[in-house]
Amino acid sequence: MKLLIATRNRHKFGEFIDLLGLPPEAVACAADRSDLPEVEEDGQTFAANAIHKAITWATVTRTWVLADDSGLAVRALNDAPGVFSARFAGPNATDADNNRRLLELMNGVTDRRACFKCALALVAPSGDLRVIEGTCPGILLDQPRGIQGFGYDPLFVPDGFEQTFAEIEGASKNRISHRARALQALRSTWPECLRGF
Ligand code: IMP
């Protein structure tokens, strides 16, 4: 393993595998590592959470670590759920619970604008750290559509599309998503990162 993807979310991990184009044997998912300490995602910003996770796990693994913290910011809800996206409906909420809560709060709201946000923190074995953000604007539907992806994907139609993230092909999501845009920005500001895999 040369790169640890600092997520236990298999869907996110799968998206990173497709986005990075690295050999599978070079990349590990945090869900497969029992030696990693729990990291509380209690920061006020996506970037704070991503940095905390990346540095904590880089200290343990001494490899490249790529951490992502992401979520949905809804204009009419003052950018909620934001950093609480994963636990919007409570500490053990499922994606379906979170989507239901969001739809309840958005019932009758005409301003449906929302934006997915992603902060990436990449730590090199040398200790170098870069943090960068990517966004993907769109609108929220009033009922879920599609079965692909995860999280709020069935409710979110990205700008320029008519289908939700849960309906479009993974390859299309990976061209325009907040995660894809953050990774593109990271690579353009740090071209030599993740080299030699
Ligand atoms: P994290 O694992 O703490 O970063 O939680 C991110 C949460 O934000 C997820 O549980 C989802 O609810 C939501 N989220 C982040 N990225 C996406 C995405 O690409 N699609 C749908 N939901 C997402």
Side-chain angles (χ1 to χ4, degrees), residues 4-20 29-31 33 36 38-54 56-57 65-74 77 79-106 112 114-122 131-141 144-159 161 163-184:
L4 175 71
I5 310 275
T7 182
R8 294 197 164 101
N9 176 329
R10 297 274 180 196
H11 279 285
K12 256 194 212 176
F13 179 71
E15 287 187 13
F16 275 120
I17 289 290
D18 293 343
L19 286 166
L20 288 162
C29 177
R33 299 280 305 238
L36 300 172
E38 279 309 311
V39 179
E40 196 76 42
E41 293 192 354
D42 55 0
Q44 305 275 309
T45 62
F46 295 117
N49 285 333
I51 292 168
H52 184 199
K53 204 158 41 170
T56 307
W57 288 352
V65 177
L66 180 64
D68 144 293
D69 195 49
S70 50
L72 186 67
V74 179
L77 302 179
D79 286 348
V83 289
F84 301 105
S85 290
R87 50 204 145 109
F88 194 36
N92 298 312
T94 62
D95 287 346
D97 297 333
N98 290 330
N99 283 343
R100 215 173 301 116
R101 167 118 204 264
L102 182 57
L103 286 181
E104 280 163 15
L105 291 173
M106 291 298 286
R112 312 293 299 185
C115 189
F116 270 121
K117 298 187 175 183
C118 166
L120 285 183
L122 179 64
V131 186
I132 204 135
E133 298 200 352
T135 60
C136 180
I139 55 148
L140 291 178
L141 299 181
R145 277 193 349 222
I147 54 164
Q148 301 182 77
F150 69 99
Y152 300 94
D153 279 349
L155 295 180
F156 182 82
V157 177
D159 285 353
F161 286 73
Q163 294 167 301
T164 67
F165 262 169
E167 293 175 311
I168 62 178
E169 297 227 345
S172 299
K173 179 179 177 186
N174 280 342
R175 268 194 291 280
I176 58 159
S177 78
H178 44 312
R179 211 161 285 113
R181 287 175 173 156
L183 199 56
Q184 281 155 13

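Just so you know, ligand 1 is whichever comes first in the structure, and atom 1 is the first atom listed for that ligand. What you are looking at is a predicted structure, and each value in this text was computed from that prediction instead of being measured. The first residue of the sequence shown is numbered 1, and numbering continues consecutively from there.
Closest approach of H11 to G149, counting heavy atoms only: CE1-O, 3.3 Å.
For D153, a nitrogen or oxygen atom sits less than 3.5 Å from a nitrogen or oxygen atom of ligand 1, counting backbone and side chain alike. By the 3.5 Å distance cut-off applied to N or O atoms, N9 is not counted among the residues near ligand 1. At under 3.5 Å, a nitrogen or oxygen of K12, whether backbone or side chain, sits near a nitrogen or oxygen of ligand 1. Checking only distances, R179 does come within under 3.5 Å of ligand 1, N or O to N or O.
For ligand 1 and K173, the ligand atoms under 4.0 Å from any heavy atom of the residue are 18 (C), 19 (O), 20 (N). Near E41, with a cut-off below 4.0 Å to any heavy atom, the atoms of ligand 1 are 1 (P), 3 (O).
Heavy-atom distances between N98 and ligand 1 stay at or above 4.0 Å for every pair.
Scanning all protein heavy atoms for the shortest distance to atom 11 (C) of ligand 1 gives G151 CA, 4.0 Å. Nearest to atom 9 (C) of ligand 1 among the protein's heavy atoms is F150 CE1, 4.2 Å. Atom 15 (C) of ligand 1 has its closest protein heavy atom at S70 OG, 3.2 Å.
Using a 4.5 Å heavy-atom threshold, the side chains of L105 and V74 count as separate. Considering only heavy atoms from C-beta on, Q148 stays 4.5 Å or farther from T164 through its side chain. Residues L72 and F88 fail the side-chain proximity criterion, which asks for heavy atoms closer than 4.5 Å. Between F116 and D153 there is a side-chain heavy-atom pair separated by less than 4.5 Å. In this structure, F165 and S177 have side chains that are in contact, with non-hydrogen atoms separated by less than 4.5 Å.
Using a cutoff of 4.0 Å between basic side-chain nitrogens and carboxylate oxygens, E41 and K53 are scored as salt-bridged.
Checked by atom type and distance alone, the side chain of D97 pairs as donor or acceptor with a backbone atom of T94 at under 3.5 Å.
Compare Y152, F88, F84 by their heavy atoms: the one nearest to atom 22 (N) of ligand 1 is in Y152.
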